[in-house]
Protein chains: 2
Amino acid sequence: MTSPAPTRSRKAQIDHTATALFRAQGFAATSMRELATALGLEAGSLYSHIKSKEEILHRVCFGLAQEFFAGFEQATSQAASIGGQLRQAIEAHVRVLTRDVAASAVFLHEWRHLSEPARSEFLALRERYEAQFRALVQRGLDAGELAAPDAAFATLTLLASLNWLPTWYRPDGKLSPDDIAHRLADQLINGLSPMGE
Amino acid sequence: MTSPAPTRSRKAQIDHTATALFRAQGFAATSMRELATALGLEAGSLYSHIKSKEEILHRVCFGLAQEFFAGFEQATSQAASIGGQLRQAIEAHVRVLTRDVAASAVFLHEWRHLSEPARSEFLALRERYEAQFRALVQRGLDAGELAAPDAAFATLTLLASLNWLPTWYRPDGKLSPDDIAHRLADQLINGLSPMGE
DNA sequence: CCTACCGATCGGTAGG
DNA sequence: CCTACCGATCGGTAGG
């Protein structure tokens, strides 16, 4: 009567603890011994649950990529104005970011420690995601619902504001993820100018 | 007849090459042997010019901090409307970022590999810089020249958009640093809404 | 999941 | 600026 469940949960535990360490210290500066100690076991024991250090990073990065795609998909599938869809997409992005800030930070900053071909695959995914956002902004410009000299530039700036969130967001702060999502969408769409709306 | 000049230039060369490597691979994942090879010498030889690996990181991080402060100082010392000062400060920030993108990326992402007390000192400097920006935004809100529910939140978002720049900026792109600075300032202040101006 | 260990590589130093 | 080397630590494995 072997039970596979504890193994799976141990693996999830490893991923979770590793993600926190990768975020705080970076992938390269986090040792497997450190990770093992944080989990209360010896370094060698990790390898009955995982194949390598990079495997953890791979799972975190590609798992989050999937979440971002799912969020965007859902946000833009509902019939709405382009502006409304953009707003939904921004809020979906923020929800994924705030659901697990540590994983998000790793997704955003540690992916370059993936070795090939995973690294290129990851970059292709990220580019595809940005392209979806860009296309949405472009449709907004074409429809006259948005104004900007350049969809690519506008999209980059927009995603930049969102992606800085894991740097300062604290789950116990006074703003809920939805508050943050709404404010970000407001500020990005209306700007800081009092004429903005 | 010893000449001290080559030594100083060698040190600058080391800093420059190290900065590029730190940016591309991260501080922890960059070895001194790699750095030495990139400079055409042996690992041990580096230590006649520098004291440690961290010393390089320290110089880059604190050097850039100084540039940001100088830029802000200059931008806000000229008499102008609050909105004008904010615009100048944004443009100054972008100019520092684009002057050396590699150093900027290291400043933004690798500072956490500083050991104490340098790490805390660095964070204090960064906080002080953000506080200056925040105060400027707050004055804009008070004067009715800007509109936002919260100066802190608005400032964070604003700096986020700017600080993502080293991720995508290429010096050989079609937009000059000043073009980028102007567009960023426009988009951040006026938003993406067609009513924005 | 542990003990014991592997080869490789790390930042840095001594002595020239 | 090089050669030769230090002690420490790395990711990972074998065998139980």
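Throughout, a chain's letter reflects where its sequence line sits, starting with A, and its residues are numbered from 1. Source: prediction; values computed, not measured.
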Selected nucleotide, minimal atom distance to Lys53(A) side chain, candidates dG12(D), dG11(C), dC1(C):
dG12(D)
Residue pair Trp164(A) / Leu108(B), side-chain heavy-atom distance below 4.5 Å:
yes
With a 6.0 Å cut-off on ring centres, are Phe68(B) and His93(B) close enough?
yes
Output the rounded distance in Å from NZ (Lys51(A)) to P (dG12(D)).
12 Å
Spacing of Leu35(A) atom CG relative to dC1(C) atom P, expressed in whole Å:
12 Å
Compare the minimum distances between each of dC1(C), dC1(D), dG11(C) and the side chain of Met32(B), then state the nucleotide with the smallest one.
dG11(C)
Side-chain N or O of Ser31(B) closer than 4.0 Å to phosphate OP1/OP2 of dC10(C)
yes
Within 45° cone of Phe69(B) ring axis and under 6.0 Å: Arg128(B) NZ or CZ
yes
Give a yes or no on whether the ring-centroid distance for Phe122(A) and Phe107(A) is below 6.0 angstrom.
yes
Pairing partner of dG16(D) (Watson-Crick or G-U wobble, both distances under 3.5 Å):
dC1(C)
What is the separation between atom CD on Glu55(B) and atom C1' on dG11(C), rounded to the nearest whole Å?
14 Å
dG11(C), dC2(D), dC2(C): which one has an atom nearest the side-chain heavy atoms of Glu42(A)?
dC2(C)
Take atom CG of Leu57(B) and atom C1' of dG11(C), then tell me their distance rounded to the nearest Å.
15 Å
Rounded off to whole Å, could you give me the CZ-to-P distance for the Arg33(A) and dC5(C) pair?
14 Å
Kindly point out which of dT13(D), dC2(D), dC10(D) is positioned nearest to the side chain of Leu41(B)?
dC2(D)
Please report the distance, rounded to the nearest Å, between NE2 in His49(B) and C1' in dT13(C).
16 Å
Watson-Crick or G-U wobble mate for dG11(C), both contacts under 3.5 Å:
dC6(D)
Expressed as a whole number of angstroms, how long is the span from Ile50(B):CD1 to dG12(C):P?
7 Å
Figure out the NE2/P separation between His58(A) and dG11(D), and round it to whole Å.
19 Å
Would you say Tyr47(B) places a side-chain N or O within less than 4.0 Å of OP1 or OP2 belonging to dT13(C)?
no
What is the ring orientation for Phe62(A) with His58(A), classed by angle as parallel under 30°, tilted 30 to 60°, or perpendicular over 60°?
parallel
